[in-house]
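Down below is the structure, laid out as C-alpha cells.
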Amino acid sequence: MSRPTEKRRLLTERVLDDDIVFDILTRLPVKSLIRFRCVSKSWYSTITNPIFIATHFKLNEAKSLSNKNSHNGYLLYTSETEDYSFHAELRTLVYNRDRTVTEISRCNENNGDHIIYLWNPSIRKFKMLAPALMTDPCDSATLGLAYHSQKNDFKILRLVSFLGSLGEPDPLTEAEVYTLSTDSWRKVVSAELSDPNAGLLSHRSPYIFFNGALHCIAAHKHCSFILSFDINDERFHKIMLPLDFLDVYQSYLTVFKGSLAYIIISDYLATGGIMCHLWVMKEYGVAETWTRKCVPIDWFHHFHGCTDNGELLIENAMGLISIDPENLFQNSLIMESNIRWAGYAANSIESLVLLDGVNVSSEYED
C-alpha cells in the first residue's frame with residue numbers, strides 16, 4: 001500500500017470524540033460555522049442545536065468583555081425611499097478604527113403594519129414575532145430590546161399609551177414583554193405605570209439598554225424623568241433627570257463612556273449655533289452625581305447616540321457625522337440627507353441566535 005493511500009486510510013479511521021468536535025466548533029466565528037453546516041449531517045445537527053448556539057454565544061460574550069473590539073462598533077440606518085413608502089432597507093455598517101465605515105449587511109423592512117421582526121445581521125436571518133397583545137393603530141407604543149443574561153434569552157419591552165377621547169380621564173400606560181425562548185407576549189403590571197394621580201405617562205425616546213435595564217425618557221403632569229425596566233425582576237423604576245432650566249430643543253438618552261448620559265440640545269444665541277449639553281451620571285441611579293459638559297454644534301437635525309470611545313453621532317444637513325466632544329473634531333460617516341432612522345451598537349456580539357428558530361426567513365443563503 002502506498003504512503004498516500006495509507007495516510008488517507010488512517011485519517012478516515014480516526015474519528016474525533018463528539019465532545020471534542022463540539023468544543024472546537026464553539027470557538028469558531030459565525031461565518032465559518034454557517035459554511036460548516038454542509039460538512040455532514042452530524043455537524044449540521046450540532047451547529048443548529050439550541051445548546052450549541054447558547055454555548056457559542058456565551059463564549060463570544062466573554063471574549064467581547066475581555067478584549068477590545070477591532071472597531072468602534074456598528075451603525076444601523078434606513079433611508080427614505082423615493083416614493084416615501086413604508087418599505088426600506090435596514091443597513092448594518094462596521095465603524096472602523098480609522099473612522100471609516102464598511103457595510104456588512106442589508107435587510108428589507110416594512111413599517112406599514114404592527115408586525116415586529118427580529119433581525120440577526122450575523123447570519124442574515126430575521127424572525128417574524130407573534131402578534132403583540134395590545135395593538136391599535138391609534139395607540140402610542142415604544143419598543144426596547146434587551147439580553148437577559150441570567151437566562152440566556154432575549155426580551156422585548158413594549159410600552160403602550162392608549163389614546164382616550166376628549167372629556168375622558170387620562171388613559172393609563174400598560175406594558176407587555178415578549179420572550180424569544182417562548183415566542184410569546186405577556187402583560188406586566190406595575191404601580192409606576194398605573195398611578196391615576198400622575199396623569200398620562202408619555203414616553204418619547206428610544207430605549208437604551210444599560211446596566212441590565214432598559215431606559216427611556218418619560219413624563220407625566222408633574223415632571224420628566226428616566227423610566228427604567230429591570231430585565232431580571234421585570235420591575236419599573238424612576239431615575240431623576242438633572243435640574244436644568246435651559247430652553248430645551250430636543251433631549252435624548254445615551255451611554256457615554258460606560259455611564260448613563262442625558263443629552264439636551266438648545267439654542268445658543270451668542271454664536272447663532274446650537275449647544276449640546278452632555279449630562280453624565282457618574283454613579284448609576286444617584287441623581288446628585290449628574291455632571292455637565294457643553295459641546296457647540298454648527299448644525300443639528302437629530303442625535304443618534306455615542307460611540308464606545310465617546311464620539312457623538314449627529315445628523316446634520318449632509319448626513320451622519322461623529323463629533324469628538326473633547327477636541328470638536330468632526331468626521332463624515334454617512335453622506336445621505338434622507339436618513340429615516342439610525343442607531344448604534346458599541347459591542348454587538350456575533351451569534352447564531354435565530355438559526356434554530358421557527359418563523360425564520362433569510363434574504364438569501366450563503
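Along the sequence shown, residues carry numbers from 1. Basis for what follows: all heavy atoms, side chains included, without hydrogens, waters or symmetry-related copies.
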* To do: Start with the C-alpha gap between Trp185 and Ile116, add the side-chain angles, then the distance that decides, and say whether side-chain contact (heavy atoms from CB on, under 4.5 Å) holds.
  => CA-CA 12 Å; Trp185 294 86; Ile116 302 171; 3.8 Å; yes
Partners passing ring pair (Phe, Tyr, Trp, His ring centres under 6.0 Å) against [X] (at least two apart in sequence or in another chain):
| X | answer |
| --- | --- |
| Tyr77 | none |
| Trp290 | none |
| His304 | His302 |

* Tell me, please, which residues at least two apart from Ser42 pass side chain to side chain donor-acceptor pair (under 3.5 Å). => Ser40
* Could I get the full list of side chain to side chain donor-acceptor pair (under 3.5 Å) partners for Tyr284, not counting sequence neighbours? => His215
Side-chain heavy-atom pair [X], [Y] within 4.5 angstrom cut-off:
| X | Y | result |
| --- | --- | --- |
| Arg292 | Pro242 | no |
| Ile314 | Trp299 | no |
| Phe303 | Cys276 | no |
| Phe229 | Ser190 | no |
| Ile263 | Leu278 | yes |
| Asn309 | Asp324 | no |
| Lys293 | Val280 | no |
| Phe209 | Leu145 | no |

Under a single-linkage definition using a 4.5 Å side-chain heavy-atom cutoff for Ile, Leu, Val, Met, Phe, Trp and Tyr, are [X] and [Y] assigned to the same hydrophobic cluster?
| X | Y | answer |
| --- | --- | --- |
| Met128 | Trp119 | yes |
| Phe329 | Met318 | no |
| Val21 | Phe52 | yes |
| Val39 | Val30 | yes |
| Leu143 | Leu118 | yes |

Can you sort out the partners of [X] under side-chain contact (heavy atoms from CB on, under 4.5 Å), two or more places apart, ordered by chain and number?
| X | answer |
| --- | --- |
| Lys187 | Leu133, Met134, Glu174 |
| Thr179 | Asp153, Lys155, Val177, Ser181, Thr182, Arg186 |
| Asn152 | Ala54, Phe57, Lys58, Tyr147 |
| Asn120 | Ser122, Ile123, Ser351, Val353, Leu354 |

Reported [atom1]-to-[atom2] distance for the pair [X] and [Y], which is rounded to 0.5 angstrom:
| X | Y | atom1 | atom2 | result |
| --- | --- | --- | --- | --- |
| Ser251 | His277 | OG | NE2 | 11.5 Å |
| Phe236 | Leu214 | CZ | CG | 9.0 Å |
| His56 | Phe22 | NE2 | CZ | 10.5 Å |
| Ser224 | Met240 | OG | CE | 9.0 Å |
| Ile156 | Phe154 | CD1 | CZ | 10.5 Å |
| Asn96 | Thr102 | CG | OG1 | 4.0 Å |

* Worked check of side-chain contact (heavy atoms from CB on, under 4.5 Å) between Ile226 and Leu260 -> CA-CA 10 Å; Ile226 297 174; Leu260 188 65; 4.0 Å; yes
Testing the basics here: between [X] and [Y], what is the closest heavy-atom pair and its distance to 0.1 Å?
| X | Y | value |
| --- | --- | --- |
| Phe256 | Ala261 | CB-CB, 3.8 Å |
| Arg158 | Ala132 | NH1-CB, 3.8 Å |
| Ala218 | Leu227 | CB-CB, 4.0 Å |
| Leu312 | Cys306 | CD2-SG, 3.5 Å |
| Leu157 | Ala175 | CD1-CB, 4.1 Å |

Under the salt bridge (charged side-chain N to carboxylate O under 4.0 Å, His left out) test, residues paired with [X] that sit two or more places apart:
| X | result |
| --- | --- |
| Asp23 | Arg27 |
| Glu288 | none |
| Arg235 | none |

* Kindly determine whether Ile104 and Tyr74 satisfy side-chain contact (heavy atoms from CB on, under 4.5 Å), including the steps that lead there. => CA-CA 10 Å; Ile104 58 174; Tyr74 295 84; 3.8 Å; yes
* Asked: Side chains of Glu283 and Thr289: is there a donor and an acceptor less than 3.5 Å apart?
  -> no
Please check if the side chain of [X] supplies one atom and the backbone of [Y] the other of a donor-acceptor pair under 3.5 Å.
| X | Y | value |
| --- | --- | --- |
| Asn49 | Ile51 | yes |
| Asn60 | Glu350 | yes |
| Thr48 | Tyr44 | yes |

* To do: Would you please test Asp298 and Gln330 for side-chain contact (heavy atoms from CB on, under 4.5 Å) and show each step?
  => CA-CA 11 Å; Asp298 296 331; Gln330 297 187 17; 3.9 Å; yes
